[in-house]
Structure formats: C-alpha cells, structure tokens
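Take a look at the structure set out below.
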Amino acid sequence: MDRALWVTTYSPEETRILGAALGPLLLPGDVVSLGGELGAGKTTLVQGIAASLGVQHVTSPTFTIVHEYEGRYPIVHLDVYRLNSIQEVLDLGFDELLDPGAILLLEWGEAIGPLLPSKFLEINIRRSASHDSDDERPFQFRPHGTEWIPKLQAMRDTAETLLAAASENADGPRFSDSPPVPED
C-alpha cells in the first residue's frame, strides 16, 4: 500500500512552516531525502526543519557539498548535485555522514538511492503545474519504514494548523493521499 502524503504550499514562508512542522519529529539517525528540480524549494524546506531545531542560518550546500549545524540535535545537510558518481559520495565519507547521532538532510538523494538506508523519509517537490503561481509547490512525502507513518500524521496535524493560521490565499486543498491534478 502506498502511504504517500501530498501537501501543497503557496509561498516560501509556507514551505518553511511545513519544514517546521516536520523538524521536531526528527531524531538522531533519521535520514530525509529531498528531491526536485533546481529551485523547487529543497533548501527552503530544510531552513524550516532546522529553525524548528534551533538552527537559524541555513544556506544551500550546493558548492560546499556538506554543512553541519548544531541545534537541538546535530544536523548534517548534504547536497550531492555536483557529485558525478556514487563513488564520489563514498569518497566524501558518506558512511560517516550517516551518523546515528545526527539527522541527515540529503538534497538530491534520489541520485544515490542505493546508498540510502532501508528506513528514511523521501520528499519530492514539484513546481506548480499552474501558470498562476510561481510559488505553489506540491510536496510528496513517501515513508520508507513504518516508523515514518506516525511521524507524517503528526506533521500533517501540526502543519494543517500552522498553515491555516499563516495563509490568506490557499486556493486549493493542501493535504491529499494522491497527487494534485494539474490544471488545464
């Protein structure tokens, strides 16, 4: 059974709020893989996650590959976009980055799928199919491992409340168990 959850945000601030709803549920040893095209909002989501864990300044690690932050828990923010092979990721010390004492937030994780643990959260971000909003982002949360299912439900409960309070212009449903239908 596919237990994917779809969530739509309508601004970068709402994307940060979505991350802030997930962050407090993460524990050391958790791995979150973020996918989506350039500019989709991966780092923006990470900013929300990190802020909820006490880290205020998060930047994209595209050029530095790895950023490490100290907050409520250690956070490793890895971006493999510029790496050309799985071997380069291994040479970087990926096994050490899978530190059970830290949360790993991995941008472009789909590029190194064979290296991911059996239990992780996969988040795919799309750009809106609608031409009306450059800021609209459908997110797909796909749990790999049953322990992610209650975490996603708790994130959904928190995010529904926070997003409803923060939004003035949510045009459509935010949460769904199926992908959003593109507008014609």
Side-chain angles (χ1 to χ4, degrees), residues 3-5 7 9 12-36 38 40-125 139-159 161-162:
R3 297 194 182 259
L5 172 66
V7 183
T9 64
E13 184 55 33
E14 287 188 7
T15 297
R16 286 183 196 90
I17 289 169
L18 183 60
L22 176 62
L25 304 169
L26 299 178
L27 297 170
D30 283 346
V31 174
V32 178
S33 172
L34 299 126
L38 282 171
K42 294 179 289 295
T43 299
T44 303
L45 185 71
V46 169
Q47 289 169 341
I49 292 169
S52 73
L53 295 171
V55 177
Q56 297 306 313
H57 184 69
V58 171
T59 58
S60 174
T62 298
F63 295 102
T64 57
I65 313 296
V66 179
H67 287 165
E68 295 185 41
Y69 302 106
E70 288 296 327
R72 181 172 160 202
Y73 303 114
I75 298 170
V76 176
H77 184 194
L78 173 64
D79 186 327
V80 298
Y81 179 75
R82 294 178 49 114
L83 301 179
N84 295 316
S85 69
I86 287 181
Q87 187 59 50
E88 285 186 56
V89 176
L90 292 171
D91 291 346
L92 183 66
F94 185 72
D95 289 340
E96 289 85 35
L97 296 174
L98 282 172
D99 179 354
I103 296 166
L104 176 60
L105 304 174
L106 174 62
E107 294 193 28
W108 303 97
E110 69 275 11
I112 60 166
L115 297 179
L116 294 176
S118 61
K119 298 176 181 179
F120 70 98
L121 178 61
E122 177 184 0
I123 303 173
N124 292 299
I125 309 166
F139 288 76
Q140 179 193 41
F141 290 79
R142 182 179 302 275
H144 295 265
T146 56
E147 66 276 357
W148 286 103
I149 295 168
K151 288 183 182 190
L152 282 180
Q153 185 57 54
M155 180 208 67
R156 179 180 183 158
D157 294 344
T158 301
T161 301
L162 293 174

- Could you tell me which non-hydrogen atom of Gly23 sits nearest to which non-hydrogen atom of Leu53, and how far apart they are? O-CD2, 3.5 Å
- Query: Applying ring pair (Phe, Tyr, Trp, His ring centres under 6.0 Å), which residue pairs with at least one partner in residues 40-61 are found, sequence neighbours left out?
  - Reply: none
- Could you please spell out the steps behind the side-chain contact (heavy atoms from CB on, under 4.5 Å) verdict for Val55 and Glu70? CA-CA 7 Å; Val55 177; Glu70 288 296 327; over 6 Å; no
- Hey, mind stepping through Met155 and Leu18 against side-chain contact (heavy atoms from CB on, under 4.5 Å) and telling me if it holds? CA-CA 8 Å; Met155 180 208 67; Leu18 183 60; 4.2 Å; yes
- Note on the structure: For Phe141, the ring pair (Phe, Tyr, Trp, His ring centres under 6.0 Å) test, sequence neighbours excluded, returns none
- Message: Consider side-chain contact (heavy atoms from CB on, under 4.5 Å). Of Val89, Leu92, Asp79, which one does Ile65 pass it with?
- Response: Leu92
Sequence neighbours left out, cut at 3.5 Å: what donor-acceptor pairs do the side chains of residues 99-114 make with other protein atoms?
| from | atom 1 | to | atom 2 | distance (Å) |
| --- | --- | --- | --- | --- |
| Asp99 | OD1 | Gly101 | N | 2.7 |
| Glu107 | OE1 | Thr43 | OG1 | 3.4 |
| Glu107 | OE2 | Thr43 | OG1 | 2.7 |
| Glu107 | OE2 | His77 | NE2 | 2.6 |

- Atom CG of Leu25 and atom CD1 of Ile49: how far apart are they, to the nearest 0.5 Å? 10.0 Å
- Message: I need the minimum non-hydrogen distance between Thr44 and Pro12, along with the two atoms involved.
- Response: CG2-O, 3.5 Å
- Note on the structure: CD (Gln153) and CH2 (Trp148) are apart, to the nearest 0.5 Å, by 15.0 Å
- Message: Once salt bridge (charged side-chain N to carboxylate O under 4.0 Å, His left out) is applied, what residue pairs with a partner in residues 48-62 remain, sequence neighbours excluded?
- Response: none
Atom pairs and distances, side-chain donor-acceptor, residues 26-34, under 3.5 Å, sequence neighbours left out:
| from | atom 1 | to | atom 2 | distance (Å) |
| --- | --- | --- | --- | --- |
| Asp30 | OD1 | Lys151 | NZ | 3.4 |
| Asp30 | OD2 | Leu27 | N | 2.8 |
| Asp30 | OD2 | Lys151 | NZ | 2.6 |

- Task: With rounding to the nearest 0.5 Å, note down the distance linking OG in Ser52 to CZ in Arg16.
- Result: 13.5 Å
- Item | Polar side-chain atom of Lys42 near backbone of Gly36 as donor-acceptor pair, under 3.5 Å | yes
- Query: What residues, two or more places apart in sequence or in another chain, satisfy side chain to side chain contact (heavy atoms under 4.5 Å, CB included) together with Glu88?
  - Reply: Leu83, Asn84, Ser85
- Residue pair Leu5 / Phe139, side-chain heavy-atom distance below 4.5 Å: no
- Message: Pair Leu78, Phe94 - check side-chain contact (heavy atoms from CB on, under 4.5 Å), show working.
- Response: CA-CA 9 Å; Leu78 173 64; Phe94 185 72; 3.8 Å; yes
- Can you tell me if His67 uses its side chain to pair, donor with acceptor, with the backbone of Thr59 under 3.5 Å? yes
- Exercise: identify the closest heavy-atom pair between Ile149 and Arg3: CD1-CD, 2.9 Å
- Can Ile123 and Leu22 be said to form a side-chain contact (heavy atoms from CB on, under 4.5 Å), step by step? CA-CA 11 Å; Ile123 303 173; Leu22 176 62; 4.1 Å; yes
- When every non-hydrogen atom of Ala4 is compared with those of Gln140, the smallest separation belongs to CB-NE2, 3.9 Å
- Query: If you measure from CG on Leu45 to OG1 on Thr9, what distance do you get to the nearest 0.5 Å?
  - Reply: 8.5 Å
